[in-house]
Amino acid sequence: KLETTARRLIVNAREQLEQAAQVSNSDERAAAYAHLIRSTALSRRGMDETLRFLTRIKNDQDPVRFVVMAELSNCPAPMFKEEHMDDLTVLVDSVIEARDTSYGTRSATERLAFAILREHAFEPMGGLFKFALRTFGRLTMRDGQFALYSMDWDSIPSSALEALFDEVYAFGVEANK
């Protein structure tokens with residue numbers, strides 16, 4: 001039933017999908033969050049409300065955070081706007097600060113940051129570009145590693161890659177001492 005609801009415009013589906021996410025079973029909760037994000041992406045609007053609602057996962061289990069970050073990383077990057085930075089920061093910080101963060105959740109968070117970095121590569125002073133840099137920097141500082149695989153790094157202009165290198169290099173060196 002939620003799959004059908006998720007195919008509706010978010011303005012018509014939001015209430016039912018948000019209610020479905022307020023259950024105690026983590027698998028059902030994760031599925032409801034996924035459907036909420038998909039409906040938002042298909043509608044190409046409503047990301048403000050969706051991200052605000054998703055911030056409730058900050059104290060949730062890793063499998064729920066994984067589904068949320070994976071679905072967000074599949075959203076078209078232009079859907080993320082400057083006004084979403086606070087909510088995106090809460091979501092990313094919840095991944096970085098959690099002790100139970102899995103490799104999959106970290107990878108999904110990196111894919112989201114990469115998509116945002118690529119979308120805003122020509123706006124190095126913009127908030128979302130800086131958000132993406134900060135995300136990579138914090139992930140590197142947390143784990144002492146930086147993922148260079150499975151992403152189309154050739155699609156990023158050299159100036160943006162230099163900014164990213166400057167952001168993460170010092171963290172990586174420090175974490176590996």
Side-chain angles (χ1 to χ4, degrees), residues 17-18 21-41 46-120 126-153 156 160 163-165 167-172 174-176:
L17 293 171
E18 286 182 355
Q22 298 178 35
V23 295
S24 59
N25 181 299
S26 63
D27 292 336
E28 292 174 15
R29 200 167 50 250
Y33 285 135
H35 291 305
L36 176 67
I37 296 166
R38 285 184 206 138
S39 180
T40 303
M47 190 58 83
D48 310 10
E49 297 92 345
T50 297
L51 288 173
R52 199 167 310 112
F53 185 77
L54 292 174
T55 59
R56 65 190 321 146
I57 70 154
K58 65 182 172 188
N59 295 317
D60 215 321
Q61 299 170 18
D62 181 69
V64 175
R65 290 191 311 271
F66 166 72
V67 167
V68 168
M69 298 312 286
E71 290 298 329
L72 286 174
S73 72
N74 290 330
C75 289
M79 290 190 73
F80 300 106
K81 307 289 182 203
E82 295 275 334
E83 59 265 21
H84 301 147
M85 281 184 16
D86 289 344
D87 294 331
L88 285 168
T89 299
V90 169
L91 293 171
V92 166
D93 287 353
S94 73
V95 168
I96 293 169
E97 294 167 4
R99 290 179 292 159
D100 68 338
T101 295
S102 67
Y103 175 80
T105 305
R106 178 197 161 91
S107 295
T109 304
E110 287 173 342
R111 286 193 311 274
L112 175 63
F114 180 81
I116 292 172
L117 181 82
R118 182 174 52 203
E119 180 65 24
H120 298 279
L128 284 169
F129 183 82
K130 290 179 180 179
F131 162 80
L133 289 181
R134 177 185 173 273
T135 299
F136 278 118
R138 292 207 57 217
L139 285 167
T140 302
M141 186 169 42
R142 177 187 189 270
D143 297 330
Q145 60 185 359
F146 178 65
L148 292 173
Y149 49 87
S150 74
M151 294 183 203
D152 183 15
W153 293 103
I156 307 270
L164 179 59
F165 179 81
E167 180 73 22
V168 300
Y169 183 74
F171 292 132
E174 188 63 32
N176 285 303

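Across all non-hydrogen atoms, the minimal contact from Ala32 to Leu17 is CB-O, 3.9 Å. Scanning all heavy atoms of the two residues, the minimum distance from Ala34 to Val67 falls at CB-CG1, 3.6 Å. The shortest heavy-atom contact between Gln61 and Ser26 is OE1-OG, 3.4 Å. In plain terms, the two heavy atoms of Phe129 and His120 that are nearest each other are CD1-O, 3.3 Å. Across all non-hydrogen atoms, the minimal contact from Met79 to Ala41 is SD-CA, 3.7 Å. When all heavy atoms of Ala132 and Ile116 are compared, the closest pair comes out as CB-CG2, 4.2 Å.
When atom types are taken as modelled, the side chain of Arg29 and the backbone of Val23 share a donor-acceptor pair closer than 3.5 angstrom. Proximity of a side-chain donor or acceptor of Asp60 to a complementary backbone N or O of Arg56 within less than 3.5 Å is not detected. Put simply, the side chain of Thr105 never gets that close to the backbone of Thr101: no donor and acceptor are under 3.5 Å apart. Glu119 contributes no side-chain N or O that, together with a main-chain N or O of Ala77, makes up a donor-acceptor pair within less than 3.5 Å. Put simply, the side chain of Ser94 gets close to the backbone of Leu91: a donor and an acceptor are under 3.5 Å apart. The main-chain N or O of Lys81 is found under 3.5 Å from a side-chain atom of His84 such that the two form a donor-acceptor pair.
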- Check the pair Thr55 / Asp87 against side chain to side chain donor-acceptor pair (under 3.5 Å), numbers first and verdict last. CA-CA 6 Å; Thr55 59; Asp87 294 331; 4.9 Å; no
- Query: Run the side-chain contact (heavy atoms from CB on, under 4.5 Å) check on Leu128 and Leu117 step by step: do they pass?
  - Reply: CA-CA 7 Å; Leu128 284 169; Leu117 181 82; over 6 Å; no
- Query: Under the side-chain contact (heavy atoms from CB on, under 4.5 Å) criterion, do Ile37 and Leu54 qualify, and how do the steps go?
  - Reply: CA-CA 9 Å; Ile37 296 166; Leu54 292 174; 3.8 Å; yes
- Does the pair Arg111 and Ser107 meet the rule for a side-chain contact (heavy atoms from CB on, under 4.5 Å), with working shown? CA-CA 6 Å; Arg111 286 193 311 274; Ser107 295; 3.8 Å; yes
- Message: Please determine whether side-chain contact (heavy atoms from CB on, under 4.5 Å) holds for the pair Phe131 and Phe80, giving the CA-CA distance in whole Å, both sets of side-chain angles, and the decisive distance to 0.1 Å.
- Response: CA-CA 11 Å; Phe131 162 80; Phe80 300 106; over 6 Å; no
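Side-chain contact check for Leu51 versus Thr40: every heavy-atom pair is 4.5 Å or farther apart. Proximity of Arg65 to Ser102: side-chain heavy atoms (C-beta onward) are nowhere separated by under 4.5 Å. By the 4.5 Å heavy-atom criterion applied to side chains, Phe136 and Glu110 are counted as neighbours.
For the atom pair Glu49 CD and Leu36 CG, the distance stands at 10.0 Å (nearest 0.5 Å). Between the CD atom in Glu18 and the NE2 atom in His35 there is a gap of 14.5 Å [rounded to 0.5 Å].
Electrostatic pairing of Arg138 and Glu97 counts as a salt bridge here, judged by a charged N lying under 4.0 Å from a carboxylate O. With respect to Lys58 and Asp93, no salt bridge is recorded, no charged nitrogen being found less than 4.0 Å from a carboxylate O.
Paired with Ser73 under the rule side-chain contact (heavy atoms from CB on, under 4.5 Å), one option of Val68, Leu112, Thr109 passes, and it is Leu112.
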